[in-house]
Number of protein chains: 2
Amino acid sequence: MEDSVDVLKLENQLCFPLYTASRLTTQCYQPLLKELGLTYPQYLVMLVLWERDQVNLSYLSEKLFLQSNTLTPLLKRMESMDLLTRDKSLSDERSIVIALTNKGSKLKEKADCIPSKIFDQINLSKEQAEQLYRTLYQVIGELENIKEKCHY
Amino acid sequence: MEDSVDVLKLENQLCFPLYTASRLTTQCYQPLLKELGLTYPQYLVMLVLWERDQVNLSYLSEKLFLQSNTLTPLLKRMESMDLLTRDKSLSDERSIVIALTNKGSKLKEKADCIPSKIFDQINLSKEQAEQLYRTLYQVIGELENIKEKCHY
DNA sequence: ATAATTTATATCGCGCACGATATAAGTGTA
DNA sequence: TACACTTATATCGTGCGCGATATAAATTAT
């Protein structure tokens, strides 16, 4: 970041390359995920469910930093794709349980090769990637903290 | 990034925190940009135009890594907000010239305080921010290169 | 026990973002 | 010169993503 008089120059913004890198990486996923019939946000949902099946919407919301207004339609589409089911929880009727179908579970095998293919395209060294990872989660932590404070 | 057997664990993905940090930072802009009547992508367009007025759509496309299918409606809305004008180029009728209005130009003054406010929220050290910036542009460079190659 | 408050999720409206495609103008080749 | 090809932008359809709000169930307070 150059010491520039004009703070409003595009090249002096930190969030713009963040936004752009995010979009470009998501684009890289598209052809790979197309073979699985998934969009990138759907893929993220699957990652969570492959790791822990039968969760409520809040759990997905917490893990993915996405709200129900985004997740509800997204999960509905995935249900219609027979990847998962959405049922009311027995212990709390306001809550829904999201569970993988067999088809949804089996999709994991096809997804196995994706992370390394993406990583190859990004072409960062392992050290750079780790540093980037840590910084990004630091930013996320900061912004999540701010968000929680704003609720009071 | 942990050495984990399961490459498909959410915590082992690099692009997910990238995606999330991008979304969260964009959210931070919202209340600030709301006062200017702008969305984040519109703000980016303004950054480019404040720096260099009277450009064609391709220029914006190149600078912002956004395509015409995104930019055309976005610019149209900004034209209707009287921030800019879109006119056919005299030298090439396929091309349009996007120029700031007085209202659009003056908005820069109100935007002046935004970058520092955002930077404060992110709360990275200057060194961390610079490192992040460099790495992000490195990723962008890599992925843009791949994209250009895929056109052949 | 009842009312007030909170919580889990859904709905609504709008602005992107993007793959695919269309349209018209400009350029290159035979 | 005419045709083939390329280019600049627009259109189309779909899936998010998000601020704002609604609905119903659960919890808390009185």
Side-chain angles (χ1 to χ4, degrees), chain A residues 19-35 37-45 55-62 64-81 86-98 143 147 150-152, chain B residues 19-35 37-45 55-62 64-81 86-98 143 147 150-152:
Chain A
Y19 170 74
T20 299
S22 168
R23 287 179 39 244
L24 292 182
T25 52
T26 303
Q27 277 178 36
C28 286
Y29 275 92
Q30 198 265 346
L32 301 173
L33 292 177
K34 189 176 172 184
E35 296 181 19
L38 298 176
T39 63
Y40 180 70
Q42 288 171 358
Y43 170 69
L44 294 178
V45 168
V55 295
N56 57 12
L57 193 138
S58 294
Y59 184 85
L60 284 179
S61 180
E62 279 169 40
L64 297 175
F65 303 92
L66 288 169
Q67 291 165 36
S68 75
N69 49 14
T70 299
L71 285 171
T72 296
L74 190 153
L75 292 169
K76 194 171 176 181
R77 277 187 291 273
M78 291 176 81
E79 189 181 30
S80 69
M81 288 156 66
R86 298 182 304 151
D87 298 293
K88 283 198 178 178
S89 166
L90 295 179
S91 49
D92 183 344
E93 210 176 318
R94 299 170 301 175
S95 184
I96 62 165
V97 178
I98 295 138
L143 300 182
K147 236 203 293 193
C150 286
H151 276 259
Y152 299 109
Chain B
Y19 170 75
T20 298
S22 169
R23 286 179 38 245
L24 292 181
T25 52
T26 304
Q27 278 178 34
C28 287
Y29 275 93
Q30 197 264 343
L32 301 173
L33 292 177
K34 190 176 173 184
E35 297 182 20
L38 297 177
T39 63
Y40 181 70
Q42 287 171 359
Y43 171 69
L44 295 177
V45 167
V55 295
N56 57 11
L57 193 138
S58 293
Y59 184 84
L60 285 177
S61 180
E62 277 168 42
L64 297 175
F65 304 92
L66 289 170
Q67 292 165 34
S68 74
N69 48 13
T70 298
L71 284 171
T72 296
L74 189 155
L75 291 169
K76 194 170 175 182
R77 276 185 293 274
M78 293 177 79
E79 189 181 31
S80 70
M81 290 155 67
R86 299 183 303 153
D87 298 293
K88 284 199 177 178
S89 166
L90 295 178
S91 50
D92 183 341
E93 211 175 319
R94 298 170 300 177
S95 185
I96 61 166
V97 178
I98 296 138
L143 300 183
K147 234 201 299 189
C150 287
H151 277 261
Y152 300 109

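Keep in mind that the numbers below use all heavy atoms, side chains included, and drop hydrogens, waters and symmetry copies.
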**Request:** Determine: side-chain N/O of B:Ser95 to OP1/OP2 of D:dT9, distance under 4.0 Å, yes or no.
**Result:** yes
**Request:** For B:Ile96 and C:dA25, give me the distance from atom CD1 to atom P, rounded to whole Å.
**Result:** 15 Å
**Asked** What integer distance in Å separates B:Leu75:CG from C:dA17:P?
**Response** 12 Å
**Request:** Return the 5'-most residue of the pair B:Leu57, A:Lys88 with respect to DNA chain D, ranking by each residue's nearest nucleotide.
**Result:** B:Leu57
**Fill in**
From CG of A:Leu60 across to P of C:dA10 the rounded distance in Å is 11 Å
**Prompt:** Are OP1 or OP2 of D:dT27 and a side-chain N or O of A:Arg94 less than 4.0 angstrom apart?
**Reply:** no
**Request:** Using the ring-ring contact (aromatic ring centres under 6.0 Å, His included) rule, pick out the option among A:Tyr19, A:Tyr43, A:Phe65, A:Tyr40 that qualifies with B:Tyr19.
**Result:** A:Tyr40
**Beyond-backbone contact of A:Leu24 with B:Lys147, side-chain heavy atoms, under 4.5 angstrom** = yes
**Prompt:** Could you give the distance from SG (B:Cys28) to CG (A:Leu143), rounded to the nearest 0.5 Å?
**Reply:** 4.5 Å
**Request:** Return the value, rounded to whole Å, for the distance between atom CG of B:Leu90 and atom P of D:dA8.
**Result:** 17 Å
**Asked** Does any non-hydrogen side-chain atom of A:Glu79 lie less than 4.5 Å from one of A:Leu75?
**Response** no
**Asked** When you measure from the side chain of B:Thr72 to the backbone N and O of B:Ser68, does any donor-acceptor pair fall under 3.5 Å?
**Response** yes
**Fill in**
Expected string for nucleotides 11-20 of chain D under the B/S/- scheme (protein heavy atoms, under 4.0 Å, primed atoms plus P, OP1, OP2 as sugar-phosphate) is BB--SSBBBB
**Message:** Once you apply a heavy-atom cut-off of 4.0 Å, does B:Leu71 come out as touching a base, just sugar-phosphate, or nothing?
**Reply:** nothing
**Prompt:** CZ of A:Arg86 versus P of C:dA8: gap in Å, rounded?
**Reply:** 18 Å
**Request:** Could you tell me whether the phosphate oxygens of C:dT7, OP1 or OP2, come under 4.0 Å of any side-chain nitrogen or oxygen in A:Ser58?
**Result:** no
**Request:** Check the pair A:Leu33, A:Gln42 against side-chain contact (heavy atoms from CB on, under 4.5 Å), reporting the backbone distance first and the verdict last.
**Result:** CA-CA 9 Å; A:Leu33 292 177; A:Gln42 288 171 358; over 6 Å; no
**Prompt:** Rounded to whole angstrom units, what separation is found between the CG atom of A:Leu33 and the C1' atom of C:dG19?
**Reply:** 14 Å
**From CA spacing to verdict: side-chain contact (heavy atoms from CB on, under 4.5 Å), B:Arg23, A:Leu66** = CA-CA 10 Å; B:Arg23 286 179 38 245; A:Leu66 288 169; 3.4 Å; yes
**Prompt:** How long is the line joining CG of A:Asp92 and C1' of D:dA24, in whole Å?
**Reply:** 11 Å
